[in-house]
Number of protein chains: 2
Amino acid sequence: MQPSHARRQNLSLALQALYSSGPMSRADLARSLGLTKVTVSELVTALLDRGHAIEVGRSTPGRMGKPSILVDVNRTGLQMIGLDLSDHRALHGAVLDLDGTVVARAQRPVLTDDSVIGDGSTAGPDYPAGPLGGERAVDLVLELVAECLALATAPILGIGIGTPGIVGSDGVVKTAPNLDWRDVPLRDIVASATNLPVSLCNDADAAAHADHTLGDGGDDLVLVKIGRGVGCGLIVGGRRVRGAHSAAGEIGHVVVGTDGGRRCRCGKVGCLETWVSAPRLEQAIAASTPDPADAAPHADDVPDAVTAAGERLAIALAPVVAALDLADVVLCGPAHVIVPALVESVERTLRARLFTVENATLRVRVVEDPNDIVVRGAAALVLLDQLGVS
Amino acid sequence: MQPSHARRQNLSLALQALYSSGPMSRADLARSLGLTKVTVSELVTALLDRGHAIEVGRSTPGRMGKPSILVDVNRTGLQMIGLDLSDHRALHGAVLDLDGTVVARAQRPVLTDDSVIGDGSTAGPDYPAGPLGGERAVDLVLELVAECLALATAPILGIGIGTPGIVGSDGVVKTAPNLDWRDVPLRDIVASATNLPVSLCNDADAAAHADHTLGDGGDDLVLVKIGRGVGCGLIVGGRRVRGAHSAAGEIGHVVVGTDGGRRCRCGKVGCLETWVSAPRLEQAIAASTPDPADAAPHADDVPDAVTAAGERLAIALAPVVAALDLADVVLCGPAHVIVPALVESVERTLRARLFTVENATLRVRVVEDPNDIVVRGAAALVLLDQLGVS
DNA sequence: GTTAGTTAGTAAACACTACTAACGAAGTAA
DNA sequence: TTACTTCGTTAGTAGTGTTTACTAACTAAC
C-alpha cells in the first residue's frame, strides 16, 4: 500500500460521505471523516478539479460564525451508462446521472430460438434475424454502448453491465447460456472499444447493488430475481458476495423441501426453479384469473401454485437469512409476476420458519422499478468502482 | 485514513506474507508485496523491534549473488491466550504460540443446574458450588485468564475469547443464556483486568476462524458446531460474517423440511435443533450400538436417526452453500457424536441437492481437534486483530 | 457602533512514509 | 583474478496529513 492508495481511499471516503449525507461544508466533512480541515480542504479541491464534486451555495447563516460553502457530489454533471443483458427479448441500455436516475434509454431487440421479435408492438428497425449467437451478442452490446454514449449529455464516468450467467472477478463472462457466451472477456472488449472504465457483474448482483447503494437496502440483504429462472444477489456486511467460484447467488437448482416435486431440466427433482420462475408464475396467475378466452380454468391447484411458489422460495431463503442474519429480503421480477399473494406467501413462510429475534426487523419487500433495477445496479457498480461509493 | 494507518496495513501485509509463506528474505518479501527493498527493509526492522518477527539464519548459497537473511514470524517467541466458554461443564483456557499450537492448558469447572461436577474423574479443586450466575461466570473467566497468564512462558500478544451467545462488534456479549449473561461488556472487563488486548467472538465463529487461518479452510466456508444446540460460523470472501444484528450463524431454530417434525423448546415445530444436537445424536448412537447394559435397544428408528440428522443438516445448508458458493462445509462437535455415518449423510444429501458445478470442488469434512478448535480460533482472532493475519 | 467570541477556510512549516539512486557485501561464473 | 548477480543499506526526494497560525465573515452583547 502506497501513500497514493491511501489518498484515493480518502477521496472515496469524502465522496461517500457527500453522496450519502448530501451537501456539506468542508468543516462538516472534516469532522465526519476524522481528518483535519486542511486535509479535507485539499481533498475537496482535488474533487472539484476532477469534476466529481461541486460547490452548491452557502449555508443559511442561522448559527454563529462564518457561513459555510456547501459542497456536494456533482450529481448531474456526470453521467454513467448501465446495461441490462438479462432480458431475453432485448438488451437494455440507459444513461443515468450519479443519483441513479435514468435520463435516457436505448435498446437492441434480440432474436432467439423460442422468442421471435416483431409481434407488432415492439417492432424495431431492421436488425438481422436469426438466433442470437455469441459474437452477434457482443456486437449488439457494442452497438448499444455506442448508442448510449451518443445519448449522453455529460462526461461519462464509466460503463456498468449486468449480464446473466457467471461472471469472474476479472471481467470475464464464464458462462451465459442465454447469450451463448463462454469465457468472453466482455469487460476488456467494451473497455478497449470505448476507452472508458467498464464494470461487469451478474444481473442479480447488479440489482442487489442497486438496492443497497441507490435504494433503501441495508448492509445485509438478499435480492431474489425471478425471470426465466431464479437467481439472487447477496450483500453481506456491505459487500457483494462473489463466492469461491464466482457463482454466488445461483440458487435456482437447489432442491427445496423434502417432498419431491417436478423434474428439472438439470436432471434433479424439486429444484427451486421448478417452483419459482416467471413462466411458471405466469401460468399460475393466468389460470387463477379466469379469462373468458381461456377455456379451461382449472381453478383447482392454481391459486395454490402462487402460494406454493412463495412458500418454496421462503423455505430456501430461511436458512440463508438465518445464517447470514440478513435484514432485508427483496423480491424482483416482472411486475405481472410479483403479485401480492406471492410476496405475502414469502413473508409469512419466512417468519414462520425463523426464530423470533430476526422476525422483528426483517423486511420482505418488492423492488419498485423492476424494469430499471439492473441498469441502475450496473450504474451503482460504476459508482463503486470509480468513486468508491457504495 | 492517515499515513500511519497505511503503515500499519503494510506491516500487516508483511506479517501475513511471512505467516503464510514461511521464512523469506527481505528481497523476496519486497517482490511479494510489490514494495521496494528499502521500504520492506524498514518494515522488517520495525517488526524485529516489536518482536513480531525474527531473523532465522541465512539462505543456502546455491544461487548467484549475496545470500539472503531469512526472516520469519516470531512463531514461538510470542504467545497468545485462548478461552473457550462454550462447554457447559468447564471453561477452557490455553496458552498458544503464534502457529496456533497449544503449549499449556487450564480450566475452571462450572456448576450448572442440570450438570453437577465431581463425578470422580474431573473433580477439581474446591470451587464454590451452585449454579453458574452471570457475575460468578465473569469471575471464573478472570481467574482462568490469570491462570493462563501465569502459565505463559513468553510475552503475550493478546487474549481471545470464544463464548456462546450473541456477541456485538463492541465486545459486549448481548445474550448468552448458558452463562446467564445479558449485555456483559466482557472484552472491556478482561482488558482492564489484564491490560492486554482482548478479542471476543462467538464460539462457532471462533472455530471458523481457526479452520480458516490455522487450518486448511479456504476463503469461503461454513463451520457447523454441534453441541447442546447447533450454530455455525461463516467465512465469506475471507471475512467473518457478522450479520445485521451480530447474530449470523444462528441456524438452530430454522425450520427445516416440509414434513413437520418435533416441537422445539422455542415453540416452533421442526427446528434444525430438534434434528441435530449432541444430546439427540448421543441418544441415537447409544441406541444403535446396543449396549449390554441397555435394556431396550429399539433399533427401529435409530440408525435412521443419525442419517436423518445429517440429511436435515444438509437440507438446511444446501441453500446457504449454493447462495454463497461455499467451497468447504466443516463439521465440528464432540468426537463421539460426529460419527462417519453423520458426515456421509451430510455429504450425500448436500451433493444430491446442489447443482453439479459446485459439487466438483465442494469439500465436506470434520474438524480434527474438536476439543481445541475454539481456543485455537480465539487465538486466530488475536492474530487477526493484533497482527492483521488471517 | 464597537468589541468579543465563534466558525469556515487557507497558508506555512513539520512529520511520516514510500520511492529512486547509488553503493558496499558476499557470493557465483568465467 | 575479473565480471556479474543478488542482498541489504544509506542518502536524498516526493507525496500526504498534521500542527500552528492566520484571515474572513458572522452573532452576541455592551
Side-chain angles (χ1 to χ4, degrees), chain A residues 1-18 21-50 52-72 388, chain B residues 1-18 21-50 52-72 388:
Chain A
M1 161 159 294
Q2 282 131 342
S4 60
H5 299 154
R7 173 75 166 184
R8 202 155 48 192
Q9 174 77 357
N10 281 338
L11 289 168
S12 285
L13 288 172
L15 271 176
Q16 170 88 40
L18 291 177
S21 302
M24 304 170 74
S25 70
R26 291 166 171 81
D28 284 335
L29 206 45
R31 281 185 287 266
S32 159
L33 297 178
L35 299 171
T36 61
K37 286 191 297 176
V38 180
T39 302
V40 167
S41 214
E42 223 276 308
L43 291 171
V44 167
T45 305
L47 291 175
L48 295 175
D49 287 347
R50 297 177 195 203
H52 292 172
I54 47 170
E55 297 190 335
V56 294
R58 312 220 146 196
S59 68
T60 53
R63 303 168 314 182
M64 278 195 293
K66 175 180 171 180
S68 52
I69 306 165
L70 296 180
V71 179
D72 194 11
Chain B
M1 161 160 294
Q2 281 133 337
S4 60
H5 299 154
R7 173 76 166 182
R8 201 155 47 192
Q9 174 77 358
N10 281 338
L11 288 168
S12 286
L13 287 172
L15 270 176
Q16 170 88 42
L18 290 178
S21 300
M24 305 171 72
S25 71
R26 292 166 171 83
D28 284 335
L29 206 46
R31 282 184 287 266
S32 159
L33 296 177
L35 299 172
T36 61
K37 285 190 298 177
V38 181
T39 302
V40 167
S41 213
E42 223 277 310
L43 290 171
V44 167
T45 305
L47 291 175
L48 295 175
D49 286 347
R50 298 176 195 202
H52 293 172
I54 48 171
E55 297 189 336
V56 294
R58 310 219 146 196
S59 69
T60 54
R63 304 168 315 184
M64 279 195 294
K66 175 180 171 179
S68 53
I69 305 165
L70 296 179
V71 179
D72 193 12

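In the text below, chain A, chain B and the rest are named by the order of the sequence lines, each starting its count at 1. None of the values given here were measured: they were computed from a predicted structure.
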For this session: Please examine the side chains of B/His52 and B/Leu11, heavy atoms only from C-beta on, and report whether any two atoms are closer than 4.5 Å.
Result: no
Exercise. Rounded to the Å, how far apart are B/Leu33 CG and C/dT17 P?
Worked result: 16 Å
For this session: Indicate whether OP1 or OP2 belonging to C/dA26 is found under 4.0 Å from a side-chain N or O atom of B/Arg58.
Result: no
Exercise. When the distance from CD of B/Glu55 to C1' of D/dC7 is rounded to whole Å, what number comes out?
Worked result: 12 Å
Exercise. At under 4.0 Å, does any side-chain N or O of A/Ser41 touch on OP1 or OP2 of C/dG9?
Worked result: no
Problem set entry | A/Leu35 CG to C/dG9 C1', straight-line distance once rounded to whole Å | 16 Å
Exercise. D/dG15 C1' sits how many Å from A/Met1 CE, rounded?
Worked result: 15 Å
For this session: Please step through side chain to side chain contact (heavy atoms under 4.5 Å, CB included) for the pair A/Glu55 and A/Arg26, ending with a clear verdict.
Result: CA-CA 10 Å; A/Glu55 297 190 335; A/Arg26 291 166 171 81; 2.8 Å; yes
For this session: Taking only the side-chain heavy atoms of B/Pro67 (C-beta and beyond), determine which of D/dT18, C/dG27, D/dG8 contains the nearest atom.
Result: C/dG27
Exercise. OP1 or OP2 of D/dG8 sitting under 4.0 Å from any side-chain N/O of B/Ser25?
Worked result: yes
Exercise. Distance check: side-chain N/O of B/Asn10 vs OP1/OP2 of C/dT17, anything under 4.0 Å?
Worked result: no
Exercise. Is the distance from OP1 or OP2 of D/dT18 to the nearest side-chain N or O of B/Gln2 less than 4.0 Å?
Worked result: yes
Problem set entry | Residue pair B/Asn10 / B/Arg7, side-chain heavy-atom distance below 4.5 Å | no
For this session: Among the candidates C/dA12, C/dG9, C/dA29, find the nucleotide nearest to the side-chain atoms of A/Val38.
Result: C/dA12
Problem set entry | Side chain proximity check, A/Leu29 to A/Val44, heavy atoms < 4.5 angstrom | yes
Problem set entry | side chain to side chain contact (heavy atoms under 4.5 Å, CB included) between A/Leu35 and A/Leu43, worked out | CA-CA 10 Å; A/Leu35 299 171; A/Leu43 291 171; 4.0 Å; yes
For this session: For A/Thr39, report the nucleic acid contact type (base, sugar-phosphate, nothing); a contact means any heavy atom under 4.0 Å.
Result: base
Seminar exercise, completed: Per nearest nucleotide of DNA chain C, the residue lying toward the 5' end, A/Pro3 or A/Arg26, is A/Arg26
Exercise. What nucleotide among C/dA8, C/dA11, D/dC7 has an atom nearest to a side-chain atom of B/Lys66?
Worked result: D/dC7
Problem set entry | Gap separating the OG atom of B/Ser25 from the NZ atom of B/Lys66, nearest 0.5 angstrom | 11.0 Å
For this session: Between D/dT5, C/dC19, D/dG8, spot the one nearest the side chain of B/Met64, thanks.
Result: D/dT5
Problem set entry | Phosphate OP1/OP2 of C/dC16 contacted by B/Arg7 side-chain N/O (<4.0 Å) | no
For this session: To the nearest Å, give me how far apart CG (B/Leu43) and P (C/dC16) are.
Result: 16 Å
For this session: With heavy atoms under 4.0 Å as the rule, sort A/Arg31 into base, sugar-phosphate or nothing.
Result: sugar-phosphate
Problem set entry | C/dA18 phosphate, OP1 or OP2, under 4.0 Å from B/Thr36 side-chain N/O | no
Exercise. Between B/Ala6 and A/Asp28, which has a closest nucleotide on DNA chain C that is more 5'?
Worked result: A/Asp28
Exercise. When the distance from CD1 of B/Ile69 to C1' of D/dT6 is rounded to whole Å, what number comes out?
Worked result: 13 Å
For this session: Let me know the distance between CG of B/Leu11 and C1' of C/dT17, rounded to the nearest Å.
Result: 11 Å
Exercise. Whole Å only: how far is the NE2 atom of B/His5 from the P atom of D/dG15?
Worked result: 23 Å
Exercise. Starting at the 5' end of DNA chain D and moving along, which residue's nearest nucleotide shows up first, A/Val40 or B/Glu42?
Worked result: B/Glu42
Exercise. Could a donor-acceptor pair under 3.5 angstrom be found where the side chain of B/Lys37 meets the base of D/dG8?
Worked result: yes
Exercise. How would you label the contact of A/Arg8 with the nucleic acid (heavy atoms, under 4.0 Å): base, sugar-phosphate, or nothing?
Worked result: nothing
